Undergrad: 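Just passing along the structure, written as structure tokens.
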Amino acid sequence: MKLKNKIIIITGSRRGIGFGIAQEMAKEGAKIVISDINQKECEKACKVLEKKYNVKTLAVKCDVSNKDEVDNLIQQTIKKFKKIDILVNNAGIVKFGSVLDKTEKEWDLTLNINLRSVFFCTKAVVPHMIKQKSGKIISLASIAGFVGFDNISDYCASKGGIIAITKELALELAKYNINVNAIAPGIIETKMTQAMLKDKKQRENLLAQTPLGRVGKPADIGKAAVFLASDDSDFITGHTLVVDGGWLAH
Ligand code: NAP
């Protein structure tokens, strides 16, 4: 078991990629903090983990764009588990629309949930990791942080920002033995991509750009996250691990 008794917070993790990461980490013996915008849904997700993997969990409602709620998430975790080994910044949204139509409010919402949250969560968790003299931070970027995708200017900007801040934080936090890395998924089957993947033509187009010829699963990202959370990646920091079935190889 690669993560035996590690305490891991995953934001936006009651479903989708976040829950996929939670499941892969629970299989490796980690204690998981599920956090999302609905307490009841977090509790349901925790019950599944406890039943399936016999691990300890904690459910904490946390809107990652709200600093007070982020601070509370970290405090509740410390109260229950006394330490935090790994933070996974997973929560994210995407809203489609031309840059010409997008309002300031819509732009801010995406940037606040996808990127400002990384600033809030990092600021809240790092003092505890410094005290412990170790820690790992993993953030969900996207291939949309490397290449443009039509009609999601705010999303592309937020994911490019995650790739950049990952490198900066790696430099700043290395002296405390804190590793900071990101994962850039390609197209993964979740609610976020459901509408695109339901449309036959769009699905074919997406698959045509994925050399491995399939859509990714949350578990594909979960396995990459286990690697970056485990001791196997101790000499890796500032890196964005692309998990995209070959999309960016073009
Ligand atoms: P998803 O299916 O839409 O799930 C996102 C999760 O985040 C949901 O549980 C959602 O809660 C939660 N969430 C939304 N707003 C939040 C907030 N303000 N605070 C806390 N939690 C919030 O998305 P996903 O596909 O699993 O994506 C997870 C991460 O991977 C995101 O950062 C996304 O950008 C990134 N990513 C995904 C893909 C892909 O193809 N799916 C590709 C590249 C990168 P509710 O369920 O209550 O709405």
Side-chain angles (χ1 to χ4, degrees), residues 1-36 42 45-46 48-49 52-53 55-58 62 64 73 77 81 84-92 114 117-118 121-122 125 129 134-146 159 162-163 165-167 169-170 173 178-193 212 215-245 247-248:
M1 286 209 175
K2 293 191 169 189
L3 300 173
K4 185 99 188 121
N5 290 329
K6 296 282 184 194
I7 310 301
I8 306 188
I9 297 177
I10 310 166
T11 65
S13 53
R14 67 109 166 165
R15 63 176 171 82
I17 290 175
F19 191 61
I21 294 172
Q23 294 206 69
E24 293 304 316
M25 291 186 164
K27 275 184 206 167
E28 296 295 337
K31 297 178 183 173
I32 310 285
V33 182
I34 294 282
S35 86
D36 213 303
C42 292
C46 282
V48 174
L49 293 180
K52 251 177 128 173
Y53 306 108
V55 291
K56 292 217 158 43
T57 66
L58 174 66
C62 173
V64 289
L73 167 65
T77 305
F81 291 121
I84 300 164
D85 296 298
I86 294 127
L87 163 70
V88 183
N89 290 307
N90 168 77
N114 293 11
S117 60
V118 174
C121 292
T122 302
V125 84
M129 291 179 169
S134 71
K136 295 199 169 187
I137 298 173
I138 304 164
S139 302
L140 270 288
S142 166
I143 52 173
F146 288 103
K159 296 303 181 180
I162 285 181
I163 294 165
I165 196 175
T166 294
K167 293 186 215 174
L169 290 173
L173 302 178
I178 299 172
N179 299 51
V180 187
N181 292 295
I183 298 172
I187 306 300
I188 310 298
E189 196 132 32
T190 66
K191 198 170 170 197
M192 184 176 273
T193 51
L212 285 179
V215 172
K217 300 185 207 92
D220 291 313
I221 306 305
K223 289 179 204 306
V226 165
F227 169 64
L228 289 177
S230 74
D231 298 349
D232 291 347
S233 62
D234 276 356
F235 201 52
I236 300 176
T237 197
H239 183 69
T240 295
L241 180 57
V242 176
V243 185
D244 68 346
W247 185 297
L248 291 183

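Numbers here simply count residues along the sequence, with the first being 1. What you see is a predicted model, and the numbers here were worked out from it, not measured in a lab. These numbers come from the heavy atoms of this one structure, side chains and all, not from hydrogens, waters or symmetry mates.
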Undergrad: Heavy-atom distance under 4.5 Å between the side chains of Val88 and Met25, does that happen here?
TA: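 Val88 reaches Met25 side chain to side chain.
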Undergrad: Quick check for you: to the nearest 0.5 Å, what is the distance between Leu3 atom CG and Ile8 atom CD1?
TA: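 Answer rounded to 0.5 Å: 4.5 Å.
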Undergrad: Please walk me through it: do Met129 and Ile137 pass side chain to side chain contact (heavy atoms under 4.5 Å, CB included)?
TA: CA-CA 10 Å; Met129 291 179 169; Ile137 298 173; 4.2 Å; yes
Undergrad: I'd like to know if the side chain of Thr11 reaches the main chain of Asn90, judged simply by a donor and an acceptor atom lying under 3.5 Å from each other, with no hydrogens or angles considered.
TA: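 Present.
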Undergrad: Would you list the atom pairs, donor with acceptor, under 3.5 Å between side chains in residues 15-23 and any protein atom, with sequence neighbours excluded?
TA:
residue, atom, partner, partner atom, Å
Gln23, OE1, Lys52, NZ, 3.1
Gln23, OE1, Tyr53, OH, 2.7

Undergrad: Determine whether a donor-acceptor pair (N or O, by modelled atom type, separation under 3.5 Å) exists between the side chain of Asp36 and the backbone of Arg14.
TA: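 The answer is yes, because a donor-acceptor pair under 3.5 Å joins these two groups.
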Undergrad: Nearest 0.5 Å, what's the OG-CG distance between Ser139 and Asn114?
TA: 11.0 Å
Undergrad: Hey, what do you get for NZ (Lys6) to CE (Met1), rounding to the nearest 0.5 Å?
TA: 14.5 Å
Undergrad: Search all heavy atoms of Ala224 against all heavy atoms of Leu241 and return the closest pair with its distance.
TA: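 Shortest heavy-atom contact: CB-CD2, 3.9 Å.
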Undergrad: Mind checking the NE2-NZ spacing from His239 to Lys167? Nearest 0.5 Å is all I need.
TA: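 So the NE2 of His239 and the NZ of Lys167 are separated by 10.5 Å.
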Undergrad: Can you give me the closest heavy-atom contact between Thr190 and Pro218, atom names plus distance?
TA: CG2-CG, 4.1 Å
Undergrad: Rounded to the nearest 0.5 Å, how far apart are CG of Leu212 and CH2 of Trp247?
TA: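 It is 13.0 Å, given to the nearest 0.5 Å.
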Undergrad: Check for a donor-acceptor pair, side chain of Thr193 on one end and backbone N or O of Ile188 on the other, with a separation under 3.5 Å.
TA: yes
Undergrad: Please find the pair of heavy atoms, one from Lys159 and one from Ala144, that lie closest to each other, and give the distance.
TA: CB-C, 4.3 Å
Undergrad: To the nearest 0.5 Å, tell me how far Leu87 CG sits from Ile9 CD1.
TA: 6.0 Å
Undergrad: Give a yes or no answer on whether the side chain of Ser13 reaches the backbone of Ile34 with a donor-acceptor pair at less than 3.5 Å.
TA: no
Undergrad: Of all heavy-atom pairs between Ala141 and Ile162, which one has the smallest distance, and what is that distance?
TA: CB-CG2, 3.9 Å
Undergrad: Any side-chain heavy-atom pair from Ile7 and Lys31 closer than 4.5 angstrom?
TA: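 The answer is yes; the side chains approach within 4.5 Å.
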Undergrad: So, for Leu49 and Ala26, which heavy atoms are closest and what is the spacing to 0.1 Å?
TA: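 Residues Leu49 and Ala26, closest heavy atoms: CD2-CB, 4.2 Å.
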Undergrad: Check Asn181, Asp234, Asp85, Asn179 against Lys136 for a side-chain hydrogen bond (donor to acceptor under 3.5 Å, both in side chains) and give me the one that passes.
TA: Asp234
Undergrad: Return yes if some donor-acceptor pair links the side-chain N/O of Lys2 with the main-chain N/O of Gly29 below 3.5 Å, else return no.
TA: no
Undergrad: What verdict does the side chain to side chain contact (heavy atoms under 4.5 Å, CB included) test give for Cys46 and Leu58, after you've listed the backbone C-alpha separation in whole Å, the side-chain angles of each residue and the deciding distance to 0.1 Å?
TA: CA-CA 7 Å; Cys46 282; Leu58 174 66; 5.8 Å; no
Undergrad: Could you walk me through whether Val125 and Thr77 pass side chain to side chain contact (heavy atoms under 4.5 Å, CB included), step by step?
TA: CA-CA 10 Å; Val125 84; Thr77 305; over 6 Å; no
Undergrad: Can you check whether Asn89 reaches Ser117 side chain to side chain, under 4.5 Å on heavy atoms?
TA: no
Undergrad: Tell me the closest heavy-atom pair linking Ser142 and Ile163, and the distance in Å.
TA: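 Reported closest heavy-atom pair: O-CD1, 4.3 Å.
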Undergrad: Is a side-chain donor or acceptor of Thr237 paired with a backbone partner of Val180 at a separation under 3.5 angstrom?
TA: yes
